[in-house]
Amino acid sequence: MRDKARYFAVFLAVVLVIAVSIWGPEALAKYKDKKILNRPNIELMTEAGEGYRYQMNANEKLYILSKCLGSQLISETEQNALTYYAGSAGLDYQDLDGSYAFVRKYNGPSGKEITGDEIYAACNEGLALLKELDILPPEVTNVNAASYDATLYSAIDVLEPRNNVAVWKMELSNSQKNADKENRLIDACIDADNGKIYEFYARTPLLWRDIDTDAIIGAWADYMGLDTPEAYESDNPLLETTPYFKKYVFAGMGDGRTIVTVGYYEGINELFLKIS
């Protein structure tokens, strides 16, 4: 009798285990679903995914911009003919040729960038800082919407689109071709996030003998938040279309580097600082 009871108890235990193994997971899942479905849930993320770049440093931004400007195959006056994606989603990176691209942002600022209404004041603030640092002479006049055209661009690492720099190109308007350009900014490339001036061409009263390129590049590097540059040595006399220039090298991304030139066009008295 006791053996029958024992066998029966074992039989019930086996049946119970089988039943739990079959219906238990489904019942548990339904129970969890009732706690989750139709209820808001908040989960705090302590770390973002690896590889996502929230913000590049000044040297990296300068490097990306230099590579993109160097990839341009058309003249600056034809930049408005650059290929762009007409959809509201933004730029179609897959349709861009090469590893770097400098593309006009037809969809405008993203909301965090300097707007078209703000860029002229931002440029004048940048010019004031450059004058204060003796990078530009005080005679250079301010810009305004009546005389200058401002266009927003994206400098994009096509293989890694998260690495991109938004910049405003400030150019003396085509309608001003016959106007007096003395002591005027001719062209500038301005960071769309902070308003700092990456490169510029400006007519000034200075002569080449008055220009201290080492002092200019040192002050500009501090202004931009860049590492200390080194002089770029080359035996090629045809690096520029003017004999009056000096080049410097900044660290870039990885093993890359950026070359910055401080130069001068005699005859028109045009001082320039450009990246390449």
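Side chains included, hydrogens not; waters and symmetry mates left out as well; all remaining heavy atoms used. These figures come from a predicted structure and were not determined experimentally.
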Point to revise | Centroid separation Tyr232 to Tyr248 less than 6.0 Å | key: no
Practice item. Kindly state whether the ring of Phe272 and the ring of Tyr265 have centres lying under 6.0 angstrom apart. Key: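 Ring-ring flag for Phe272/Tyr265: true, centres closer than 6.0 Å.
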Check your understanding: After noting the C-alpha distance and the side-chain angles of Met170 and Ile119, does the key distance pass the side chain to side chain contact (heavy atoms under 4.5 Å, CB included) rule?
Key -> CA-CA 9 Å; Met170 181 70 66; Ile119 186 56; 3.9 Å; yes
Practice item. For Tyr198 and Leu65, run side chain to side chain contact (heavy atoms under 4.5 Å, CB included): C-alpha distance rounded to whole Å, both residues' side-chain angles, the deciding distance at 0.1 Å, then the answer. Key: CA-CA 9 Å; Tyr198 282 106; Leu65 181 57; 3.6 Å; yes
Review point. Any chance the side chains of Thr261 and Lys274 put a donor and an acceptor closer than 3.5 Å?
Key: no
Review point. Does a side chain donor of either Tyr120 or Asn142 reach within less than 3.5 Å of an acceptor in the other side chain?
Key: no
Under 3.5 Å, side chain of [X] to main-chain N/O of [Y], donor-acceptor pair present?
X	Y	result
Glu60	Met253	no
Thr258	Asn59	no
Asp222	Ala219	no
Thr204	Leu206	yes
Trp168	Ile114	yes
Tyr264	Pro243	no
Asn164	Pro161	yes
Tyr223	Ile197	yes

NZ/NE/NH1/NH2 to OD/OE distance under 4.0 Å, [X] and [Y]:
X	Y	answer
Glu270	Arg203	yes
Lys169	Asp149	no
Arg184	Glu139	no
Asp157	Lys67	no

Check whether any side-chain heavy atom of [X] lies under 4.5 Å from a side-chain heavy atom of [Y], and answer yes or no.
X	Y	value
Glu266	Thr242	no
Phe200	Leu185	yes
Val260	Trp220	yes
Glu199	Leu69	yes
Pro205	Asn183	yes

How long is the straight-line distance from [atom2] of [Y] back to [atom1] of [X], given to the nearest 0.5 Å?
X	Y	atom1	atom2	result
Asp212	Ile217	CG	CD1	11.5 Å
Asn163	Ile64	CG	CD1	5.0 Å
Asn144	Cys123	CG	SG	10.5 Å
Asn124	Leu129	CG	CG	11.5 Å

Practice item. Return the orientation label for the Tyr153 and Phe102 ring planes: parallel under 30°, perpendicular over 60°, tilted otherwise. Key: parallel
Review point. For residues 109-136, which residue pairs qualify under salt bridge (Lys or Arg N to Asp or Glu O under 4.0 Å), counting only residues two or more places apart or in two chains?
Key: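 Listed once each, the pairs are Lys105-Glu113.
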